[in-house]
Every structure is written in C-alpha cells, then in structure tokens.
Enquirer: 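Submitted below is the structure of interest, expressed as structure tokens.
The first residue of the sequence shown is numbered 1, and numbering continues consecutively from there. Remember, it's 1-based here, ligands and their atoms both numbered in the order they're listed.
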Amino acid sequence: MRCIETREESQQEHYGSIDLSNRPVYDVLSKYHVAPPKSPEERLTLKLVRRGTRADKSCSCSNGKVPCPRCSGRGDLPCEELMICPACRGVDSCLRCDGTGNKIRQLPEDRSPVDERGLCRRCGERDAACATCHGRRRVTCSQCGGRGQRSCPDCNHTGTQDHTECRGAGRIVTWTEGTISRAPKKDTVREPETGVPNRVRKAARESGHWHPMHLNDDHPVPADVTSEFRRAVQPYLTPAKGEIARQATFKHLKLARAVAPQHPHRVYYVVPTTSSPRVVVLSSPQRLRRIAAVVLGALVVLITLVRLLS
Ligand SMILES: [Zn+2]
Ligand SMILES: [Zn+2]
Ligand SMILES: [Zn+2]
Ligand SMILES: [Zn+2]
Ligand SMILES: [Zn+2]
C-alpha cells in the first residue's frame with residue numbers, strides 16, 4: 001500500500017466576490033509542508049492560494065448589467081392599442097354595416113337564434129353586431145391593455161440584462177490555485193513463478209506455518225531472510241512516482257528439499273506447519289526421464305515389429 005501525492009497548479013476565475021482567506025497560502029507549491037500521512041491509506045485534497053496572485057477586477061459594465069438590446073434599455077416595447085377582434089376576426093363584425101357604420105347590407109331573413117348578436121355601435125342596428133367588438137371589428141389590445149406599449153419579455157421590464165462576460169457579477173476574481181492530493185495505491189504481491197513445484201505450493205498454502213513481515217516506508221528487508229526472498233520482495237519496495245509513504249506486508253516460509261540415496265527416484269519436500277512437518281513426495285527428474293526413455297524404447301520396439309511383420 002503506497003500513498004501517492006500529486007501537486008498541481010491551475011489558474012482560477014470566479015465571477016463575483018469570493019472569500020479565499022481561509023485557504024492556506026504558499027510560495028512554492030513543491031516546498032509547502034503538509035504533515036505526513038498517519039497511514040498510507042489516508043486520502044487528502046488540499047486547495048491553496050499562491051501568495052500575491054489574487055486579483056479583483058471590476059467589469060467595464062454597470063454592476064453586471066448591460067442595457068437590453070431588444071428594448072434599448074427602456075423596458076417597454078411599442079404595441080398596437082387595438083387588435084383585430086378575436087371573436088369575429090374582423091370579418092363579420094356587423095351583418096348590417098360590415099363595420100363601416102353605413103347600412104350597406106340587408107339583414108338575412110333566417111338568422112338562427114343561437115347567433116348571439118348585439119347592438120352595433122357603428123350603425124345602431126339591433127341584433128346585428130358581434131357581441132365582442134359590437135361592430136367595431138377591433139377591440140382593445142389584450143397585450144398592452146390599450147396603453148400602446150407592453151413590457152419587454154427579454155428583460156422582464158427591467159431594461160437591463162446580465163452581462164455575459166462577467167456573468168452578471170460585475171467583477172471577476174482570479175488567482176493561482178495549488179492542489180495537493182493524496183490517494184492510496186495498492187499492489188498485490190504475487191508468488192514467485194519458479195522454484196517450488198505446484199503440489200508443494202498447495203501443501204504450503206494449506207498447512208504451512210508462515211511468518212508475517214511488515215515493512216513501513218524505508219525499513220529495509222531484514223538481514224536474515226534468504227536471498228531468493230529478498231529478490232522476490234525488492235521490486236515492491238522500489239518507490240513509485242509521487243510516493244510519500246508505504247506499508248508492505250509479506251508472508252514467507254522456509255521449506256526443505258531432500259533426496260535420499262536409498263530412494264533415488266524420489267524427492268522429498270518438507271513443509272513446516274504449526275505441529276509436525278508435512279512431507280510431500282514427488283518423482284525425481286531422473287526418474288521422470290527414465291520413464292520417458294522406457295516409453296520411447298517400447299515405441300521403437302513396436303515400430304520395428306510393425307516393419308518386420310509388413
Ligand atoms: Zn428589454
Ligand atoms: Zn353595424
Ligand atoms: Zn367582433
Ligand atoms: Zn397592444
Ligand atoms: Zn460585466
């Protein structure tokens with residue numbers, strides 16, 4: 001387990017006011033002292049401000065606002081005082097005068113009674129005019145209420161908009177930020193790939209008496225371990241980039257390999273356990289070679305026999 005630390009600088013921009021007084025200040029980021037981690041697993045993110053880099057700039061706009069381009073800062077837009085009657089669409093506002101005030105038409109005989117018609121304010125005919133505009137074709141504009149101007153929808157009647165460059169803040173704060181981060185990085189220790197046959201490894205895993213070993217930071221490998229173990233362990237103890245703390249945990253055991261002249265075809269592996277040692281018996285390499293030679297011999301005889309017979 002390693003604690004990897006990174007230190008980076010970046011330019012920061014903030015729109016509006018910001019309080020940086022609670023952040024630590026540094027001159028050279030790589031030299032800023034942070035207490036070492038209590039454990040390599042500790043995580044940390046520290047934001048700092050480089051001394052003298054804070055700058056407050058007022059924007060050229062007026063307190064974050066600029067005049068609304070649609071209404072030119074007035075807040076209102078011109079609007080028609082009257083609008084076409086929505087009920088008759090100005091088409092049949094009066095059946096008698098057509099909205100002109102002159103009785104130019106004859107009233108149709110078969111007007112249906114559901115047609116709610118009223119007095120025409122233009123020509124004075126009863127039951128002839130549209131009930132909404134009373135023969136006038138137009139009604140007061142619903143948007144402006146006849147005022148002749150309406151609120152600008154772009155600026156909501158204020159006449160101003162937020163300035164895009166300063167995002168409406170009116171000022172920009174800039175500074176150089178230093179970030180110190182610490183994060184753990186874990187390596188898994190792998191068993192050596194050569195040296196001990198698989199069956200013996202399995203026996204050692206199952207019942208071996210292992211010795212744990214913990215190495216912190218720069219603690220060296222103890223002098224009494226075997227050179228094989230030292231070689232296997234060394235790659236894990238090489239510091240990684242940005243490493244500021246480390247804890248390494250290994251387990252190891254010593255086992256014996258024995259051959260006996262009475263049993264030339266066997267190899268004995270003796271694995272220490274918490275009670276009596278466990279012995280694993282394997283065929284010796286010479287024995288394996290001899291078995292292979294016998295099989296080959298049988299094959300040659302077989303081929304010879306086949307030749308003789310054919
Ligand atoms: Zn506007
Ligand atoms: Zn009329
Ligand atoms: Zn109408
Ligand atoms: Zn209007
Ligand atoms: Zn601005």
Enquirer: Are there more than 12 heavy atoms of other residues, nucleotides or ligands under 6.0 Å from atom CZ of Arg23?
Expert: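 For Arg23, atom CZ is crowded (more than 12 foreign heavy atoms under 6.0 Å).
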Enquirer: What N/O/S atom of His163 gets nearest to the Zn ion (ligand 5)?
Expert: ND1
Enquirer: Where the Zn ion (ligand 3) is the centre, what is the SG-to-SG angle for Cys133 and Cys88, rounded to 10°?
Expert: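 Taking the Zn ion (ligand 3) as the apex, the two atoms subtend 110°.
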Enquirer: Is there a donor-acceptor contact under 3.5 Å from the side chain of Arg122 to the main chain of Gly99?
Expert: yes
Enquirer: In degrees, rounded to 10 degrees, what angle do Cys68 atom SG and Cys71 atom SG make at the Zn ion (ligand 1)?
Expert: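 Seen from the Zn ion (ligand 1), SG and SG are separated by roughly 110°.
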Enquirer: Phe229, Val189: one ILVMFWY side-chain cluster at the under-4.5 Å cut-off?
Expert: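 Cluster IDs for Phe229 and Val189 match.
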Enquirer: Could you tell me the angle subtended at the Zn ion (ligand 5) by SG of Cys61 and SG of Cys59, rounded to 10°?
Expert: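 Vertex the Zn ion (ligand 5), arms to SG of Cys61 and SG of Cys59: 110°.
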Enquirer: Looking at every heavy atom in both Val91 and Asp98, which two are closest together, and how far apart are they?
Expert: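 Closest heavy-atom pair between Val91 and Asp98: O-OD1, 3.4 Å.
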Enquirer: Look at the N, O or S atoms of His134, main chain and side chain alike, and state whether any lies under 2.8 Å from the Zn ion (ligand 3).
Expert: no
Enquirer: Determine the minimum heavy-atom distance between Tyr269 and Arg257, stating which atoms define it.
Expert: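 Closest approach of Tyr269 to Arg257: OH-NE, 3.3 Å.
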Enquirer: So that I can check it, does any N, O or S atom in His157 come closer than 2.8 Å to the Zn ion (ligand 1)?
Expert: no
